[in-house]
Amino acid sequence: MIFLTFVLIILTFTAYYLNQRSLVSPAILFSGGLTIAAAIAWINESAWNLQLDFRTFLVITLGTIEFIIVSYITNFIFDVISRHFSYPKNKNSLSISNYVGKRFKIVLLIQVIIVLISIIIIRRATGISDLMTAINYVNYVQNGFIKGQINLPSYFSVLLIFNPAVGLTAGYVFLEEIIINKRFTYIPFFNLIFGLATPILTGARGDSIVFIISLAVLGYFIANEKSSWSSANTKYVILGIVGAILFLFVFEWSASLVGRNMEDSNLGEYISTYFGAEIANLNEFIKNRSFPIHGEVFGQQTFVTILPTLSRVFKFALPEYKLDIPFQILNGHNTGNVATIFYSWLYDFGYAGVGVLTAVVSVIGEVCYKFAKQKSGFQIMKLVYSYMAALIALSFFSNRFFENLNVNFIYMIIFWIILKFILFRQEKNK
């Protein structure tokens with residue numbers, strides 16, 4: 001484990017310098033997340049009796065090397081093509097006029113109504129009056145932890161997407177006011193809070209974590225555009241460390257909020273399970289299973305949230321199945337049931353899948369990153385990339401990238417476009 005950690009540290013620094021020392025480039029987010037996970041797994045090597053298989057080492061290191069190389073090549077090609085086009089640089093910050101502030105108030109009211117409607121829907125669907133118990137029941141049934149049936153209306157998921165879409169839009173405005181104008185704006189802040197909290201109504205915290213990372217990426221963009229991308233990263237690293245420490249305490253506390261059993265767990269074990277055990281679980285899968293595993297559906301682990309949409313569009317039958325993500329117990333320690341982004345790819349497509357899909361994620365991430373950097377100020381592409389950057393950063397955890405880039409993400413982009421038109425459209429002079 002120490003050698004894997006050392007190699008990943010070298011690769012992370014390589015990605016950092018190859019990408020103009022940007023802390024939010026796809027390559028640094030991908031390699032950096034895996035480096036942190038490997039370091040935590042190394043610390044727990046004895047506790048988990050972790051004996052790293054050479055094949056696991058190759059999958060992680062070669063996958064990371066490929067991601068960095070493909071990202072660099074994509075960056076080079078993008079720059080060559082972009083030389084034939086000129087893009088105006090708008091260095092003015094997004095000033096909040098009175099009418100914009102009023103519009104955010106109206107949207108905040110809509111957010112509150114959506115939360116209230118969602119609560120009513122959850123209580124009716126579960127038949128449980130206590131809200132937290134009902135939320136936990138929804139989460140347990142949807143994840144297959146308990147048997148049950150919940151009939152949520154088809155529009156329910158769309159309702160839950162609106163608030164985070166508003167939250168990221170308002171989050172950009174709030175952060176720009178803080179960073180550029182040194183001013184705390186309350187209404188966008190409350191829009192942001194509702195966007196952060198709404199996904200918890202499903203009993204899961206994953207989308208709220210994606211939201212937080214997305215905000216951090218947006219803040220980094222705003223701060224660096226202020227200095228024309230010439231400021232040192234030291235202060236951002238310190239802020240990131242302080243923020244991560246605070247996040248860990250809140251993250252553990254939130255576990256009991258969504259019904260997770262925390263009686264037999266301490267903070268160290270909890271952090272290790274969520275931020276390092278993925279390496280150990282991937283290692284167990286590679287050591288003990290034969291892959292690819294051909295199920296009833298092509299790519300059923302990797303494209304689990306995309307396949308239902310494809311089946312409706314192309315009119316093919318999609319048999320019901322459950323994800324094969326068993327919980328692991330290593331040397332008496334519960335290490336959870338997630339095993340990095342590579343698990344799903346190996347499961348469905350074997351080593352070839354790792355090679356192909358690593359390149360796909362790297363190209364998509366780098367292209368969106370380059371578009372997001374082209375113009376300063378508020379842009380839809382910045383919101384798109386900040387969300388995508390969060391998914392890439394969580395590659396050490398699970399297959400978040402393909403799980404979240406589904407039809408709901410398309411709805412979110414549509415909401416962003418509508419919100420930009422409604423919130424920032426200038427009033428006509430009377």
Side-chain angles (χ1 to χ4, degrees), residues 4-38 57-83 85 87 210 213-214 216-218 220-221 224-225 229 233 236-237 240 278 302 340-342 344-346 349 351-375 379 381-405 409:
L4 173 63
T5 305
F6 175 76
V7 171
L8 286 174
I9 290 173
I10 297 298
L11 292 175
T12 299
F13 274 101
T14 302
Y16 177 68
Y17 285 103
L18 285 177
N19 289 274
Q20 294 79 47
R21 302 184 182 185
S22 169
L23 294 177
V24 297
S25 69
I28 194 71
L29 294 173
F30 186 86
S31 58
L34 286 169
T35 301
I36 295 171
F57 174 83
L58 289 179
V59 165
I60 295 173
T61 54
L62 293 181
T64 304
I65 291 170
E66 180 191 356
F67 194 102
I68 294 170
I69 292 174
V70 172
S71 177
Y72 183 77
I73 294 172
T74 305
N75 176 76
F76 176 78
I77 295 172
F78 191 98
D79 286 343
V80 171
I81 296 174
S82 296
R83 291 190 189 118
F85 303 92
Y87 298 93
V210 170
I213 298 173
S214 300
V217 173
L218 287 175
Y220 186 83
F221 267 102
N224 275 275
E225 286 175 359
W229 292 89
N233 284 315
Y236 304 127
V237 172
E278 298 81 9
T302 304
T340 80
I341 198 170
F342 298 121
S344 297
W345 301 354
L346 288 170
F349 311 113
Y351 294 116
V354 173
V356 172
L357 293 174
T358 296
V360 169
V361 175
S362 183
V363 170
I364 294 174
E366 188 66 25
V367 169
C368 290
Y369 172 64
K370 296 296 289 185
F371 273 118
K373 281 189 68 177
Q374 276 189 333
K375 295 182 181 180
Q379 302 292 335
M381 186 51 71
K382 278 196 180 69
L383 300 180
V384 171
Y385 178 69
S386 69
Y387 187 86
M388 197 172 294
L391 304 182
I392 292 173
L394 291 171
S395 295
F396 78 92
F397 186 75
S398 68
N399 183 38
R400 271 279 170 182
F401 188 86
F402 287 110
E403 288 174 0
N404 280 49
L405 294 187
F409 183 57

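The figures that follow rest on heavy atoms only: side chains count, while hydrogens, waters and symmetry mates do not.
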Spacing of [atom1] belonging to [X] relative to [atom2] belonging to [Y], to within rounding of 0.5 Å:
| X | Y | atom1 | atom2 | answer |
| --- | --- | --- | --- | --- |
| Phe6 | Leu11 | CZ | CG | 10.0 Å |
| Cys368 | Met381 | SG | CE | 5.0 Å |
| Leu405 | Leu391 | CG | CG | 5.5 Å |
| Phe402 | Leu357 | CZ | CG | 5.0 Å |
| Phe78 | Gln374 | CZ | CD | 4.0 Å |
| Leu394 | Glu403 | CG | CD | 10.5 Å |

(message) One pair to check against side-chain contact (heavy atoms from CB on, under 4.5 Å): Phe349 and Val356. What are the steps and the verdict?
(response) CA-CA 9 Å; Phe349 311 113; Val356 172; over 6 Å; no
(request) May I ask you to test the Val361-Phe30 pair for a side-chain heavy-atom distance under 4.5 Å? (result)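 No; the side chains remain at least 4.5 Å from each other.
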(request) Using a 4.5 Å cut-off on heavy atoms from C-beta on, say whether the side chain of Phe371 contacts that of Val384. (result)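 The answer is no, as the side chains (C-beta and beyond) never meet within the 4.5 Å cut-off.
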(request) Kindly determine whether Phe396 and Leu8 satisfy side-chain contact (heavy atoms from CB on, under 4.5 Å), including the steps that lead there. (result) CA-CA 12 Å; Phe396 78 92; Leu8 286 174; over 6 Å; no
Which heavy atom of [X] sits nearest a heavy atom of [Y], and at what distance?
| X | Y | answer |
| --- | --- | --- |
| Ser344 | Asn399 | OG-CB, 3.6 Å |
| Asn19 | Ala27 | ND2-CB, 3.7 Å |
| Glu366 | Pro26 | OE1-CD, 3.5 Å |
| Ala372 | Lys382 | O-NZ, 3.4 Å |
| Met388 | Gly365 | SD-CA, 4.2 Å |
| Ser25 | Ile28 | O-CG2, 3.0 Å |

(request) Could you label the plane-to-plane angle of the Trp345 and Phe342 rings as parallel, tilted or perpendicular, counting under 30° as parallel and over 60° as perpendicular? (result)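 Judged by the thresholds at 30° and 60°, the geometry between Trp345 and Phe342 is perpendicular.
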(request) Could you label the plane-to-plane angle of the Phe221 and Tyr385 rings as parallel, tilted or perpendicular, counting under 30° as parallel and over 60° as perpendicular? (result)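 Perpendicular, since the angle between the ring planes exceeds 60°.
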(message) Assess, by modelled atom type and distance only, whether the side chains of Tyr369 and Asn75 contain a donor and an acceptor separated by less than 3.5 Å.
(response)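 Not at all, the side chains of Tyr369 and Asn75 share no donor-acceptor pair under 3.5 Å.
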(request) Could you tell me whether the side chains of Thr340 and Glu278 share a donor-acceptor contact shorter than 3.5 Å? (result)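 Result is no, nothing qualifies.
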Check for a donor-acceptor pair, side chain of [X] on one end and backbone N or O of [Y] on the other, with a separation under 3.5 Å.
| X | Y | result |
| --- | --- | --- |
| Thr358 | Gly355 | no |
| Tyr220 | Leu23 | yes |
| Ser386 | Leu383 | yes |
| Thr74 | Val363 | no |

(request) Step by step, work out the side-chain contact (heavy atoms from CB on, under 4.5 Å) result for Lys373 and Asn224. (result) CA-CA 10 Å; Lys373 281 189 68 177; Asn224 275 275; over 6 Å; no
(message) With a 6.0 Å cut-off (strictly less than), is the heavy-atom count around OH of Tyr72, excluding the residue itself, greater than 12?
(response)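 Open.
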(request) Give the C-alpha distance, both sets of side-chain angles, the deciding distance and a yes or no for side-chain contact (heavy atoms from CB on, under 4.5 Å) between Phe67 and Leu34. (result) CA-CA 12 Å; Phe67 194 102; Leu34 286 169; over 6 Å; no
